[in-house]
Undergrad: 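Following this message is one structure expressed as structure tokens.
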Amino acid sequence: MNTLDLFCRVIDNYGDIGICWRLARQLHDEHGLAVRLWVDDLASFRRLRPEVDADADTQHIQGVAVRRWDARCHAAAYTAADVADIVIEFFAVDLPPAYVAAMAQCTPRPVWFNLEGLTAEDWVEGCHRLTSPHPQLPLTKHFFFPGFNERTGGLLREAGLTGQRQAFVEEAQAAPAFLQTLGVTPAEAAATTVSLFCYPFAPVAPLFAAWAAGDEAITCLVPEGVAAAAVADFLGAPAVPGAVATRGRLTVRVLPFVPQPDYDRLLWACDINLVRGEDSFVRAQWAGRPFVWHIYPQDDNLHHKKLRAFLRHYAPDPAGLNAFTLAWNGVTPAGDWSALWRDLRAAAPTIAARAVEWERQVLAHGDLAANLVAFARSLR
């Protein structure tokens with residue numbers, strides 16, 4: 001099994017392509033697969049990898065073949081020779097019908113995965129690796145769920161990540177030097193640093209007000225385009241890269257949107273990270289720092305169940321983390337943001353210790369890419 005096709009439809013701007021790009025790169029670099037990544041939104045991809053040509057139909061980036069996935073791909077004809085040994089549809093996307101028909105003509109037939117979204121809910125353990133026969137063709141799809149224990153597929157993590165983070169953390173000047181490349185001044189870096197990556201409905205304005213009125217000097221670093229309205233209101237100016245303002249004890253600085261490796265360094269350099277979705281959520285778990293998750297919203301508040309499920313596994317003890325996270329996501333009334341922040345900061349040592357334990361616990365079951373490849377090869 002030497003080739004793999006990964007189909008990605010970008011819904012959440014950067015999360016979907018961020019996950020698929022990490023997976024594609026790791027499958028190529030660490031498992032020797034010839035990977036072809038089909039993407040319907042190259043402009044979003046370019047924000048993560050500046051070398052992406054948003055106008056190209058095909059291109060190669062770091063050993064991965066990237067193909068524009070548009071209406072022409074759905075209308076094209078395919079033969080068995082066009083089909084990869086492993087086919088992954090990310091989050092139940094619809095593959096081109098002619099491509100699926102060509103899959104049925106292959107001998108042996110490809111291993112077909114639906115790679116699902118991440119959740120800590122218990123039902124996932126019973127659905128991981130379940131099969132779904134095609135209603136007309138002699139094909140079987142396998143559901144593969146990322147997760148946090150041995151009954152799921154694990155989390156995305158590159159083999160060398162721990163060493164890179166340790167080298168960064170142990171070098172005293174690494175964090176301030178990196179932050180300086182983003183425009184952060186030494187005085188700003190000396191304060192409590194918080195990275196902010198959230199969805200537009202996050203209660204950013206009242207949190208900013210609490211920080212500004214507090215006793216602790218805080219520097220909040222916000223990537224361009226995140227919480228733009230609340231950030232612009234605080235700045236009194238457009239929220240463009242390099243914009244900065246200080247009110248009371250709070251300084252807010254807008255950062256340029258950075259490539260994935262630099263986003264990891266940002267997480268390592270900050271004292272607390274507010275993250276969102278799935279990709280930055282997972283990266284925060286590898287950063288070894290306290291973090292607060294802003295979960296992707298779903299109808300009927302289904303995301304509240306997912307959030308509580310994760311907190312039950314990750315943070316059964318630190319009340320400060322639970323209370324702040326639930327309020328940040330609108331699960332519970334916020335009340336006093338100053339009190340919520342004080343409780344979160346008081347719990348920071350406990351949360352930091354839990355982060356180390358959690359990382360060890362999750363890694364004991366392997367990483368997502370390795371587990372996926374091992375399962376695919378077991379099916380042949």
Side-chain angles (χ1 to χ4, degrees), residues 11-12 15-16 19 91-92 115-128 143 145-156 194 196-204 206-207 227 267 272-337 339-362 365 368:
I11 298 172
D12 178 22
D16 300 314
I19 293 166
F91 212 39
L115 180 59
E116 284 285 353
L118 175 63
T119 179
E121 294 170 289
D122 293 338
W123 64 264
V124 166
E125 299 173 8
C127 296
H128 179 55
F143 291 92
F145 283 84
F148 305 98
N149 60 35
E150 72 280 4
R151 295 178 294 279
T152 62
L155 301 179
L156 276 174
V194 181
L196 174 62
F197 193 38
C198 63
Y199 292 109
F201 65 90
V204 173
L207 181 59
L267 296 176
I272 295 180
N273 296 300
L274 307 185
V275 296
R276 80 180 195 189
E278 182 174 330
D279 185 48
S280 61
F281 167 53
V282 172
R283 302 314 284 190
Q285 293 175 59
W286 305 142
R289 305 285 191 182
F291 69 90
V292 176
W293 183 25
H294 201 217
I295 191 170
Y296 187 79
Q298 292 181 290
D299 292 338
D300 300 321
N301 288 329
L302 292 178
H303 57 297
H304 290 179
K305 293 178 62 178
K306 292 185 177 182
L307 181 64
R308 289 186 182 276
F310 174 73
L311 289 174
R312 282 197 301 272
H313 289 281
Y314 183 79
D317 181 47
L321 177 59
N322 280 311
F324 191 99
T325 302
L326 293 174
W328 186 239
N329 285 274
V331 181
T332 58
D336 184 352
W337 279 107
L340 287 167
W341 177 251
R342 283 196 303 270
D343 291 345
L344 178 65
R345 293 293 284 140
T350 304
I351 299 170
R354 175 56 175 153
V356 175
E357 178 189 6
W358 177 256
E359 182 177 8
R360 183 169 56 248
Q361 177 182 324
V362 174
H365 313 299
L368 179 66

Undergrad: Specify the closest pair of heavy atoms between Ala348 and Pro290, including all atoms of both residues, with the distance to one decimal.
TA: O-CG, 4.1 Å
Undergrad: Who passes side chain to side chain contact (heavy atoms under 4.5 Å, CB included) against Thr152, sequence neighbours left out?
TA: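 If we apply the side chain to side chain contact (heavy atoms under 4.5 Å, CB included) test to Thr152, skipping adjacent residues, the hits are Val124, Glu125, Asn149.
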Undergrad: I need the Leu156 CG to Leu115 CG distance, nearest 0.5 Å.
TA: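 Going from CG on Leu156 over to CG on Leu115, the span is 8.0 Å.
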Undergrad: What pair of heavy atoms forms the shortest contact from Val275 to Ser280, and how long is it?
TA: CB-OG, 3.6 Å
Undergrad: Taking all non-hydrogen atoms of both residues into account, name the closest pair between His303 and Tyr296 and its distance.
TA: CB-O, 3.2 Å
Undergrad: If you measure from CG on Leu326 to CG on Leu321, what distance do you get to the nearest 0.5 Å?
TA: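 Separation between the atoms: 9.0 Å.
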Undergrad: Report yes or no: does Asp343 contribute a side-chain atom to a donor-acceptor pair with the main-chain N or O of Phe324 at less than 3.5 Å?
TA: no
Undergrad: Side-chain contact test, heavy atoms from C-beta onward, threshold under 4.5 Å: evaluate it for Trp328 versus Val204 and give yes or no.
TA: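 Answer yes - side chains close enough.
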Undergrad: Rounded to the nearest 0.5 Å, what's the gap from CZ on Phe145 to CZ on Arg151? Could you check?
TA: 15.0 Å
Undergrad: Is there a donor-acceptor pair closer than 3.5 Å between any side-chain N or O of Asn329 and the backbone N or O of Trp293?
TA: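 Yes, Asn329 side chain to Trp293 backbone: donor-acceptor pair under 3.5 Å.
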Undergrad: For the CZ atom of Arg342 and the CG atom of Asp336, what is their distance to the nearest 0.5 Å?
TA: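 The distance works out to 6.0 Å.
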Undergrad: Which atoms form the tightest heavy-atom contact between Pro203 and Ala327, and what is the distance?
TA: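 Pro203 and Ala327 have their closest heavy atoms at CG-O, 4.4 Å.
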Undergrad: Do the side chains of Ile272 and Arg345 get nearer than 4.5 Å, heavy atoms only?
TA: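 In contact.
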Undergrad: Whether the side chain of His365 engages the backbone of Gly154 through a donor-acceptor N/O pair (distance < 3.5 Å, no angle test) should be reported.
TA: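 No, because the side chain of His365 does not come within donor-acceptor range (under 3.5 Å) of the backbone of Gly154.
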Undergrad: Grab the two heavy atoms, one from Ala323 and one from Thr332, that are nearest each other, plus how far apart they are.
TA: O-OG1, 4.5 Å
Undergrad: Hey, is Arg354 close enough to Glu357 for a salt bridge, meaning N to O under 4.0 Å?
TA: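 Looking at Glu357 together with Arg354, the answer is yes, because their closest N to O distance falls below 4.0 Å.
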Undergrad: To the nearest 0.5 Å, tell me how far Asn301 CG sits from Lys306 NZ.
TA: 12.5 Å
Undergrad: Does the pair Ile351 and Leu344 meet the rule for a side chain to side chain contact (heavy atoms under 4.5 Å, CB included), with working shown?
TA: CA-CA 9 Å; Ile351 299 170; Leu344 178 65; 3.9 Å; yes
Undergrad: Establish, yes or no, whether a centroid distance under 6.0 Å links the rings of Phe281 and Phe310.
TA: yes
Undergrad: Say you draw a straight line from CG of Leu307 to CG of Leu302; how long is it, rounded to the nearest 0.5 Å?
TA: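 The distance works out to 12.5 Å.
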Undergrad: If you count the non-hydrogen atoms of other residues, nucleotides and ligands that lie under 6.0 Å from CZ in Phe143, is the total more than 12?
TA: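 Atom CZ in Phe143 is packed in, count exceeds 12.
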Undergrad: How about Phe197 and His294: are their ring centroids closer than 6.0 Å?
TA: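 Not under 6.0 Å, so no.
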Undergrad: Go through the structure and list residues passing side chain to side chain donor-acceptor pair (under 3.5 Å) with Trp358, not counting sequence neighbours.
TA: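 Residues passing side chain to side chain donor-acceptor pair (under 3.5 Å) with Trp358: Gln285.
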Undergrad: Between Val292 and Thr325, which heavy-atom pair has the shortest distance, and what is it?
TA: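 Here Val292 and Thr325 meet closest at CG1-OG1, 3.7 Å.
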